[in-house]
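The chain is numbered in sequence order, starting from 1. Because the structure is predicted, anything quoted here is derived from the model rather than measured.
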Amino acid sequence: MIRLIAIDMDGTILSPDHTISTKNKQAILAAQSNGIEVVIATGRGFSEAYGPISDSGLNLSYICLNGAEIRDAFGNLISATHIVENNITKITSILDAHTIDYQLFIDTLIYINSIEDQIDTFIQLAEAANQIPAVDKIRQEVMDRVEQGYIRQVDSYDELINQRGSEIYKVFGTSFNRANLDKARKALQLLPGLAISSSGAGNLEITAINAQKGIAVEKYAKSKGIAMANVMVIGDSYNDLSMMERAGRSVAMGNAPAEIKAACTEITTTNEHDGVGLAIEAILQPQV
């Protein structure tokens, strides 16, 4: 019997316009009313994750930054895993050498060099799901976060790294040059203590080795006294693999790459067609 559901955001619970459909919301509420824990498991930082979830009226806990953070439904920090400080300049040197733009995630904030690059990041995520990005909606969402202070543009990361290098959760690199991304990925994989993943073909997600969704979901489940055999996870990309490999039931979105689908116990429909809601309804039937 499923007692915990962990759900990815982009390409999964979020529609292409970054909203949560009525069917997905109703299915989550039905799961909660049946005593099932539901947690978001995303590569996003908390400030980027909380908005769409709270806007939909859902009350959920969060695994953020690919597992670097675990927060309760009120945003209180439960667990934190930072990148080892002496790895930061090694990471940024590799990204710089391959002309890859990147962002730094510290606490609930995202530090960027370019607002347009941040907008491009979400556009790439939509395109990675083989969907037409809602560019105006994405731009407005990013600009709202800038105005609220959650996204901060800096001219240089040097001072930030010098002052807060030990507090960095994730480095997120993006590029339209796939060859450069592949070269950077190979170089990064030679550094000890890192997990290198991606949420789309045009990015690299760099965290500490213990900051992975699968590890965080397992930690969260254990805190609730739930065995991984009783956990269902739903996702669409490579940063979801670590939790798909650990869960008793793993669901790939219909818009997921073939490799992700092959790693899962089942496949649902796309995020455009309520794939999350349908997957949850399927496990609720025998539990009602």
How about CG on N162, more than 12 heavy atoms from neighbouring residues, nucleotides or ligands closer than 6.0 Å, or not? yes
Is there a donor-acceptor pair under 3.5 Å between the side chain of T270 and the backbone N or O of G254? no
Return the minimal non-hydrogen interatomic distance between I206 and L188, and the atom names on each side. CD1-CD1, 3.6 Å
Could you check T174 against D101 for side-chain hydrogen bond (donor to acceptor under 3.5 Å, both in side chains), going step by step and ending with a plain yes or no? CA-CA 5 Å; T174 58; D101 297 318; 4.8 Å; no
Whether over 12 other heavy atoms sit under 6.0 Å from Y150 OH: no
Sequence neighbours excluded - ring pair (Phe, Tyr, Trp, His ring centres under 6.0 Å) pairs with any residue from residues 13-43: H18-F122
Counting only heavy atoms not in Y157, do more than 12 sit closer than 6.0 Å to its OH atom? yes
Rounding to 0.5 Å, atoms OG (S61) and CZ (R71) come to a distance of 12.0 Å
Determine whether a donor-acceptor pair (N or O, by modelled atom type, separation under 3.5 Å) exists between the side chain of S93 and the backbone of K90. no
Candidate pair I40 and M9, rule side-chain contact (heavy atoms from CB on, under 4.5 Å), full reasoning: CA-CA 7 Å; I40 290 297; M9 288 189 70; 3.6 Å; yes
So, for S54 and G51, which heavy atoms are closest and what is the spacing to 0.1 Å? OG-O, 3.1 Å
Quick one: does N203's side chain have a donor or acceptor within less than 3.5 Å of a partner on S198's backbone? no
Salt bridge or not between R139 and E116? Use side-chain N to carboxylate O under 4.0 Å. yes
Look only at the side chain of S47 and the backbone of T108, and say whether a donor-acceptor pair between them is shorter than 3.5 Å. yes
How long is the straight-line distance from CG of D55 back to OG1 of T19, given to the nearest 0.5 Å? 10.0 Å
Which atoms form the tightest heavy-atom contact between I7 and I28, and what is the distance? CD1-CD1, 4.0 Å
Fellow cluster residues of M228, listed by chain then number, with links counted only when side-chain atoms sit under 4.5 Å apart: L4, V39, I63, I70, I78, V217, Y220, I226, V231, V233, Y238, L241, M243, M244, I260
Under a 4.0 Å threshold between the charged nitrogen and the carboxylate oxygen, would D182 count as salt-bridged to R185? yes
Tell me the closest heavy-atom pair linking I20 and S56, and the distance in Å. CD1-OG, 3.7 Å
Is a donor on one side and an acceptor on the other found under 3.5 Å between the side chain of D274 and the backbone of G277? no
Please name the pair of heavy atoms, one in E167 and one in Q163, separated by the smallest distance, quoted to 0.1 Å. OE2-O, 4.4 Å
By ring-ring contact (aromatic ring centres under 6.0 Å, His included), which residues pair with Y62, not counting sequence neighbours? F46
Step-by-step side-chain contact (heavy atoms from CB on, under 4.5 Å) determination, I280 to I234: CA-CA 9 Å; I280 293 174; I234 311 173; 4.3 Å; yes
Say whether, by atom type as modelled, one donor and one acceptor occur between the side chain of S15 and the main chain of D17 under 3.5 angstrom. no
Is E141 salt-bridged to R44, cutoff N-O under 4.0 Å? yes
Derivation of the side-chain hydrogen bond (donor to acceptor under 3.5 Å, both in side chains) call for Q140 and D144: CA-CA 6 Å; Q140 187 60 54; D144 286 346; 2.7 Å; yes
Do K170 side-chain atoms and G43 backbone N/O form a donor-acceptor pair below 3.5 Å? yes
L60 side, atom CG; D72 side, atom CG - distance, nearest 0.5 Å: 11.5 Å
Run I168 and I106 through side-chain contact (heavy atoms from CB on, under 4.5 Å) and show every step you take. CA-CA 5 Å; I168 296 172; I106 300 175; 3.8 Å; yes
So side-chain hydrogen bond (donor to acceptor under 3.5 Å, both in side chains) across residues 208-218, not counting sequence neighbours, yields D8-K213, K213-D240, E218-R246
Is it true that, when you exclude D155 itself, more than 12 heavy atoms of the residues, nucleotides or ligands shown sit nearer than 6.0 Å to its CG? no
List the steps, then state whether side-chain contact (heavy atoms from CB on, under 4.5 Å) holds for N24 with N271. CA-CA 10 Å; N24 285 348; N271 64 323; over 6 Å; no
Nearest 0.5 Å please: distance from the CG atom of L181 over to the CG atom of L95. 9.0 Å
Ring pair (Phe, Tyr, Trp, His ring centres under 6.0 Å) contacts in which one or both residues fall within residues 167-209, not counting sequence neighbours: H82-Y169
Residues two or more places apart in sequence or in another chain: which of them pass side chain to side chain contact (heavy atoms under 4.5 Å, CB included) with L29? K25, Q32, L58
Counting only heavy atoms not in Q148, do more than 12 sit closer than 6.0 Å to its CD atom? yes
Do side-chain atoms of N239 reach the backbone of S199 as a donor and acceptor pair under 3.5 angstrom? no
Provide the closest heavy-atom pair for K219 versus S79 in the form atom of the first, atom of the second, distance. NZ-OG, 3.1 Å
Say you draw a straight line from CD of E37 to CD1 of I5; how long is it, rounded to the nearest 0.5 Å? 10.5 Å
Do N87 side-chain atoms and P192 backbone N/O form a donor-acceptor pair below 3.5 Å? yes
